[in-house]
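Have a look at the structure below, then the notes.
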There are 2 protein chains.
Amino acid sequence: MNASRSAQPWVPTLEEVAALAGVSSSTASRVINGSPRVTESTVARVNAAIAKVGYVPNRAARSLARRSTQTVAMMIPERTAEFFADPYFAEVIQGAAMYASSTEYSLTLLIESENDPEKTHQLLRRGNVDGALILSHHSASSSYRELARTLPVVFGVRPPGETGEEIHVVDVDNTAVGALATQHLIDRGRRRIATISGPLDTTAGQERLQGWRDALSAAGLEELGSEEGDYTPSGGAAAARRLLDAGVQMDALFVASAQMAAGALGVLKERGIRVPDDVAVATVDNNVFSTSASPQLTTVDLHTAAKGAAMMATVVRLIRGEQLDAEAALPLDLVVRESTGC
Amino acid sequence: MNASRSAQPWVPTLEEVAALAGVSSSTASRVINGSPRVTESTVARVNAAIAKVGYVPNRAARSLARRSTQTVAMMIPERTAEFFADPYFAEVIQGAAMYASSTEYSLTLLIESENDPEKTHQLLRRGNVDGALILSHHSASSSYRELARTLPVVFGVRPPGETGEEIHVVDVDNTAVGALATQHLIDRGRRRIATISGPLDTTAGQERLQGWRDALSAAGLEELGSEEGDYTPSGGAAAARRLLDAGVQMDALFVASAQMAAGALGVLKERGIRVPDDVAVATVDNNVFSTSASPQLTTVDLHTAAKGAAMMATVVRLIRGEQLDAEAALPLDLVVRESTGC
DNA sequence: CTGAAAGCGCTTACAG
DNA sequence: CTGAAAGCGCTTACAG
C-alpha cells in the first residue's frame with residue numbers, strides 16, 4: 001500500500017549537501033537561490049557538493065516554504081477530443097511548453113468543467129498553481145474573469161462581455177486577420193467575396209468578420225453573403241452549403257479557419273465549382289488543414305506557437321509581479337498558395 | 001518582488017477547518033483522507049466546515065508529508081513542433097489528460113533532452129513526479145529503461161534493444177496492425193502489394209512491416225517492395241517516389257501511418273496513378289490525415305485516446321503499488337473508406 | 001557572511 | 001475514536 005514510499009530511492013537532501021560542504025543548510029539554501037551574501041569560496045564548495053551528490057531541490061518543500069508552486073495550469077475545455085483535434089491548440093500548447101522549459105515553471109494540463117465554473121475554480125485551487133492560461137472560446141472563459149482578480153491569468157482569446165476589468169489577453173489582431181485575407185482576395189481581382197465566419201459569440205469570430213467587412217467597404221465592394229461556422233470541417237461544409245443554396249454568386253470566399261475551409265472545399269468540389277478558377281479561397285491558420293488541402297490554401301499564418309510562448313511569458317511576468325510592457329503585437333503573415341491562383 | 005506572496009488571497013487552512021468543526025487537525029485530516037476510524041457525526045461536522053469555507057488541501061504540504069507528489073510527467077521529445085504536429089500524439093495526451101482528471105493525479109508536460117539523458121533524468125527529479133509516461137520513438141527512450149528501475153514509468157512504444165528488464169509498455173499489437181491492413185488489401189483482390197514502412201529503428205516500424213510480410217506470406221504472395229519512411233508526409237512522399245522510380249508495379253500499397261499516406265497520395269496523383277482504381281491504399285491512424293485525404297483513406301483505427309488513458313491508468317497503478325493484471329490488449333479496428341474501393 | 005530557529009500546511013505513528 | 005507531537009525538506013527573518 002505504501003509502495004509509493006519505497007518508489008523514491010535515494011534522494012539527497014539539502015542538509016546532506018550542506019554537511020558535505022561544511023556549512024549550514026541556511027547557507028546552502030542561499031547558494032542555491034543565488035543570494036549575493038555568500039563568500040565566493042563557500043559558493044564553490046556548496047556547488048561542488050551539489051554536483052557530487054546530484055542534488056535536486058524538493059519541489060514540495062520549496063513550494064511550501066515559498067508559498068508558490070512554480071506551476072502554471074493550461075486550462076483545457078471539457079470537450080478534450082475536439083480541442084486536441086484542432087492543430088491550433090496543439091500548437092499553442094507546444095509553444096507554451098517550450099517556453100516553460102526555459103523557465104523554472106512547469107506546465108500542467110487541467111481539464112475545466114464547462115457548466116460548473118465553481119468546480120473549475122476548485123480545480124485551480126486544488127491544483128495549487130501560480131497562474132493559469134485560458135484557451136477556451138466560449139462562455140466558460142468569462143467565468144475566469146472573476147478568477148483573474150485573485151490569480152495571474154492570461155487569456156488566449158478575449159472573453160466576451162467587456163466589463164472594463166483589466167485582464168491580460170495575448171492574441172493577434174483578429175480584425176487585421178480578416179482584413180488581410182480579404183484584401184488579398186481583392187488584390188487578386190475578386191469582387192464578389194463571401195465569407196464563412198467563426199462563431200459569432202466569440203470575439204475572434206466577430207472580429208474576423210469585421211475585418212472582412214472593413215476590407216470590402218474600403219474597396220467599395222458589397223457584402224455578398226456570410227454564414228456562421230463553428231471552426232470544424234463539418235461546420236465549414238454546412239456553411240458553404242447554405243451559402244451556395246442561397247444562390248450566392250461569389251468569385252471568392254474568405255473562411256475564418258483552415259478547418260472550416262477544408263470542409264468548405266469539399267462542398268465546392270462536390271458542386272463542381274473549381275478553386276481558384278471559379279472561386280478563390282483564402283483562410284486562416286497555417287497548419288495541416290491548409291497545406292494538405294487540395295488545392296493548398298492561401299492563409300494567414302498566426303504564428304500560433306509564438307502565441308503560446310507569449311502567453312506563458314506573460315503569466316510568468318504577472319506571477320513575478322513584473323511590470324508588463326505594452327502588449328507586443330503578435331506577428332501576422334499572409335502565405336499565398338494555389339487556392340487564390342497566381 | 002514578492003508579489004507572488006500577495007497573489008494568493010485568502011486560502012483556508014486545515015487548522016481553521018478543524019477549529020470550525022471543533023476537532024483537532026489530526027481528526028480533520030483523517031476525515032479528508034477517508035480514514036475509517038472517525039465517528040459519523042465527526043465526519044459530518046468536518047465536512048460541513050470544509051464546505052462552508054471551501055477548503056482545498058494545499059498540495060505542497062500534502063506532498064511533503066506524504067512524500068508523493070500526485071503528479072505524472074508526460075515526456076515530450078525535444079522536437080516539440082514535429083511532435084505536436086502529429087495528431088497521434090495529441091490524441092495520446094488527450095486520453096491521458098482525460099483519465100488523469102478522473103484521478104487525484106495531474107499531468108505535467110516535460111520536454112526531454114534528446115542528447116543528454118542525464119538532463120532529462122534531472123528534469124524528472126526536479127519535476128518531482130511520481131511517475132512518467134514516455135512517448136518518444138527513438139533512442140532516447142532506451143535511456144528511460146534505467147530510469148524505470150527507480151520510478152514508475154510507462155512506455156507508449158516498446159523501446160528498442162530488448163534487455164530482459166521488466167518494463168511496462170502500453171501499445172497495440174503492431175504486427176497485427178500491419179497484417180490487418182494488408183489482409184484487407186488481399187481481400188479486395190489485390191496481389192501486388194508494396195509498403196511504406198515506419199522508421200526501422202523503431203519496434204513499431206519493424207512490426208508493422210512484419211505484419212505486412214506475414215499477411216503476404218500467409219496468402220502466398222510475394223513481397224513486392226518496401227521503402228522506409230519517417231512518419232511525416234514528406235517522408236511518405238519520398239518513399240512513394242522511390243517505390244515508383246524503382247519501377248515497382250503495384251496494385252496496392254500499405255502505408256504504416258496516415259501522415260505518410262497523405263504524402264504518398266500526392267505523389268500517386270502527381271504521377272497520374274488513380275486511387276483506388278490503379279492502386280488501393282490502406283494505412284494506419286484514424287485522424288485528420290486519413291479523413292481529409294482525397295480519396296479518404298481506409299485505415300486501422302488505433303483508438304489512440306484510449307491508449308493515452310491506458311498509459312495513465314497503468315502508471316497510477318504502478319505508483320500505488322497495485323498488482324498489474326495481464327496487459328489488456330488495446331482494441332484495433334479496420335475502417336474501410338474509398339481508398340480501397342468498395 | 002553565517003547559523004539557529006521558526007514556520008510553511010499537511011500526515012501519521014504514538015498514546016490514551 | 002481522538003489529540004499532541006514530530007516530521008516532511010525547504011526558506012527566511014533575526015541575531016551575531
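Reminder, nothing fancy here: chain letters follow the sequence lines and each chain counts from 1.
The two atoms that bring A/A132 and A/L124 nearest to each other are CB-CD2, 4.1 Å, heavy atoms only. The two residues B/A73 and B/L110 have their closest heavy-atom pair at CB-CD2, 3.7 Å.
Projected onto DNA chain D by closest heavy-atom contact, A/S25 and B/G22 fall at different nucleotides, the more 5' of which corresponds to B/G22. Comparing B/P36 and B/A61 against DNA chain D, the residue whose closest nucleotide sits nearer the 5' end is B/P36. Nucleotides of DNA chain C nearest to A/T27 and B/N58 differ in position, and the one nearer the 5' end is that of A/T27.
Nucleic acid contact class of A/T42 (heavy atoms, under 4.0 Å, all strands): sugar-phosphate only. Looking at heavy-atom distances under 4.0 Å, B/R37 makes contact with a base. Residue A/T39 is classed as a sugar-phosphate contact, given heavy-atom separations below 4.0 Å to backbone atoms only.
For the OP1/OP2 pair of C/dT11 and a distance below 4.0 Å, the side-chain nitrogens and oxygens of B/S29 include at least one atom meeting the criterion. A/S26 has no side-chain polar atom (N or O) that falls below the 4.0 Å cut-off from OP1 or OP2 of D/dT11. Checking the phosphate oxygens (OP1, OP2) of D/dC8, no side-chain nitrogen or oxygen of B/R67 falls inside 4.0 Å. A sub-4.0 Å separation between OP1 or OP2 of D/dT2 and a side-chain N or O of B/S24 is absent. In terms of phosphate contacts, A/N33 brings a side-chain nitrogen or oxygen within less than 4.0 Å of OP1 or OP2 of D/dT11.
If you take CZ of A/R62 and P of D/dG9, they are 15 Å apart, rounded to a whole angstrom.
Of the candidate nucleotides D/dC10, C/dG9, C/dG3, C/dG9 has the atom nearest to the side chain of A/L64. Side-chain atoms of B/T13 lie closest to C/dG9 of the nucleotides C/dG9, D/dC10, C/dT11. Listed nucleotides D/dA4, C/dT2, C/dC8 differ in distance to A/A65; the shortest reach to its side chain belongs to C/dC8. The side chain of B/R30 has D/dA4 as its nearest neighbour among C/dT11, D/dA4, C/dT2.
The same atom, C1', is picked in C/dG16 and in C/dT12; the two are 16 Å apart, to the nearest Å.
In this entry C/dA13 has no Watson-Crick or G-U wobble partner, no candidate having both defining distances under 3.5 Å.
Evaluation of atom-type donor-acceptor distances gives no pair under 3.5 Å for the side chain of A/R59 against the base of D/dG9.
Here the straight-line distance linking atom CD of B/E322 with atom OG1 of B/T314 works out to 10.5 Å at 0.5 Å rounding. Summarising the geometry, atom CZ belonging to B/R45 is positioned 12.5 Å from atom CD1 belonging to B/I50; distances are rounded to the nearest 0.5 Å.
More than 12 heavy atoms of other shown residues, nucleotides or ligands fall within 6.0 angstrom of atom CD in B/Q122.
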